[in-house]
Amino acid sequence: QVQLVESGGGLVQPGGSLRLSCAASGNILSIDRMGWYRQAPGKQRELVAVITSEITNYADSVKGRFTISRDYAKIMVSLQMNSLKPEDTAVYYCNVAATMTNYKYAAVWGQGTLVTVSS
């Protein structure tokens, strides 16, 4: 199994910045994909950003403001969020897809961390 521990999040004023991090552990053979999703009240969960060994993709709403990065040694993914807007308020979830040492595929979610953008 893959275990995920998220950190970061909190309350920030519009225009401010926050950094989210997600550390993965377990019997991981290789990471296929790491990403961040978010779910605002009353809305469906949506993709924010995803990173693989080949590509990085962002939702149009965060392009130019958010940056996803990955630390291969620590098996960690981070999301630097700048120029935050009230509409960025949501619970942010880390998502990791990996191949385990038993060659099984696992896709897991973090517990979620709340980001509130408000003055």
Side-chain angles (χ1 to χ4, degrees):
Q1 280 288 0
V2 177
Q3 293 82 42
L4 302 180
V5 177
E6 298 178 11
S7 60
L11 173 64
V12 64
Q13 292 186 343
S17 298
L18 281 175
R19 186 176 181 86
L20 307 181
S21 293
C22 174
S25 63
N27 297 323
I28 299 169
L29 180 63
S30 65
I31 295 290
D32 300 325
R33 183 188 72 249
M34 304 183 87
W36 290 94
Y37 291 71
R38 68 185 181 187
Q39 187 167 17
K43 294 187 177 181
Q44 291 187 331
R45 191 172 297 188
E46 63 176 0
L47 173 69
V48 176
V50 64
I51 185 168
T52 71
S53 60
E54 298 177 346
I55 60 104
T56 302
N57 278 335
Y58 296 91
D60 288 342
S61 58
V62 307
K63 283 181 180 177
R65 301 188 297 121
F66 291 10
T67 302
I68 190 170
S69 60
R70 179 175 159 179
D71 185 324
Y72 287 85
K74 297 180 180 179
I75 317 180
M76 180 179 290
V77 61
S78 297
L79 186 69
Q80 178 65 41
M81 305 183 293
N82 299 328
S83 302
L84 283 161
K85 304 175 181 180
E87 50 263 43
D88 293 319
T89 296
V91 178
Y92 284 70
Y93 296 91
C94 175
N95 177 263
V96 172
T99 300
M100 310 305 290
T101 53
N102 60 3
Y103 297 97
K104 291 186 177 180
Y105 179 84
V108 297
W109 293 94
Q111 77 277 11
T113 185
L114 178 63
V115 172
T116 303
V117 184
S118 175
S119 55

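We count residues from 1, following the sequence as given. The structure displayed is predicted, hence computed values, not measured ones.
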Would Arg65 and Met81 count as a side chain to side chain contact (heavy atoms under 4.5 Å, CB included) if you check the C-alpha gap in whole Å, the side-chain angles of each, and the deciding distance to 0.1 Å?
CA-CA 6 Å; Arg65 301 188 297 121; Met81 305 183 293; over 6 Å; no
Atom OG in Ser25, atom NZ in Lys74: separation rounded to 0.5 Å?
14.5 Å
Heavy atoms of Asp88 and Arg38 approach each other most closely as OD1-NH1, 3.0 Å
Does any N or O in the side chain of Arg33 come within less than 3.5 Å of the main-chain N or O of Ala97, such that one atom is a donor and the other an acceptor?
no
Sub-3.5 Å donor-acceptor pair from the side chain of Thr89 to the main-chain atoms of Val117, do we have one?
yes
With rounding to the nearest 0.5 Å, note down the distance linking CE in Met34 to OG1 in Thr52.
12.0 Å
How about Ile68 and Thr56: do any of their side-chain heavy atoms sit closer than 4.5 Å?
yes
Taking all non-hydrogen atoms of both residues into account, name the closest pair between Ala90 and Gln39 and its distance.
CB-O, 3.5 Å
Going by the ring pair (Phe, Tyr, Trp, His ring centres under 6.0 Å) test, which pairs reach into residues 39-66, not counting sequence neighbours?
none
I need the minimum non-hydrogen distance between Gly110 and Glu6, along with the two atoms involved.
CA-OE2, 3.1 Å
Same apolar cluster (I L V M F W Y, side chains within < 4.5 Å links), Leu79/Ile31
yes
Specify the closest pair of heavy atoms between Val2 and Ala106, including all atoms of both residues, with the distance to one decimal.
CG2-CB, 4.3 Å
Quick note, disulfide bond (SG atoms under 2.5 Å apart) partners involving residues 84-119, not counting sequence neighbours, are Cys22-Cys94
Just to verify, what does Arg45 make a salt bridge (charged side-chain N to carboxylate O under 4.0 Å, His left out) with, not counting sequence neighbours?
none
Residue pair Asn27 / Asn102, side-chain heavy-atom distance below 4.5 Å:
no
Checking Thr113 side chain against Gly8 main chain: does a donor-acceptor pair fall under 3.5 Å?
yes
Kindly determine whether Arg19 and Ser69 satisfy side chain to side chain contact (heavy atoms under 4.5 Å, CB included), including the steps that lead there.
CA-CA 11 Å; Arg19 186 176 181 86; Ser69 60; 3.8 Å; yes
Can you confirm whether the side chains of Ser78 and Ser21 place a donor and an acceptor under 3.5 Å from each other?
yes
Nearest heavy-atom pair of Leu18 and Gly10: which atoms, and what distance?
CD1-O, 3.9 Å
Look at the side-chain heavy atoms of Ile, Leu, Val, Met, Phe, Trp and Tyr, link any pair under 4.5 Å apart, and say whether Val77 and Val50 land in one connected group.
no
Residue pairs passing the ring pair (Phe, Tyr, Trp, His ring centres under 6.0 Å) test where at least one lies in residues 82-119, sequence neighbours excluded
Tyr37-Trp109
Not counting sequence neighbours, which residues clear salt bridge (charged side-chain N to carboxylate O under 4.0 Å, His left out) with Lys63? List them please.
Asp60
Tell me whether Leu20 shares a hydrophobic cluster with Val91, the cluster being built from Ile, Leu, Val, Met, Phe, Trp, Tyr side chains joined at under 4.5 Å.
no
What do you reckon, is CD of Gln44 surrounded by more than 12 foreign heavy atoms closer than 6.0 Å?
no
Do Leu84 and Val62 sit in one hydrophobic cluster, given that two such residues count as connected whenever their side-chain heavy atoms are within less than 4.5 Å of each other, even indirectly?
yes
Between Gln80 (side chain only) and Thr67 (backbone N and O only), is there a donor and an acceptor less than 3.5 Å apart?
no
Met100 side, atom CE; Ile28 side, atom CD1 - distance, nearest 0.5 Å:
5.5 Å
Nearest heavy-atom pair of Ser119 and Pro14: which atoms, and what distance?
N-CD, 3.7 Å
Contacts of Gln1 that satisfy side-chain contact (heavy atoms from CB on, under 4.5 Å) - sequence neighbours left out:
Gln3, Val108
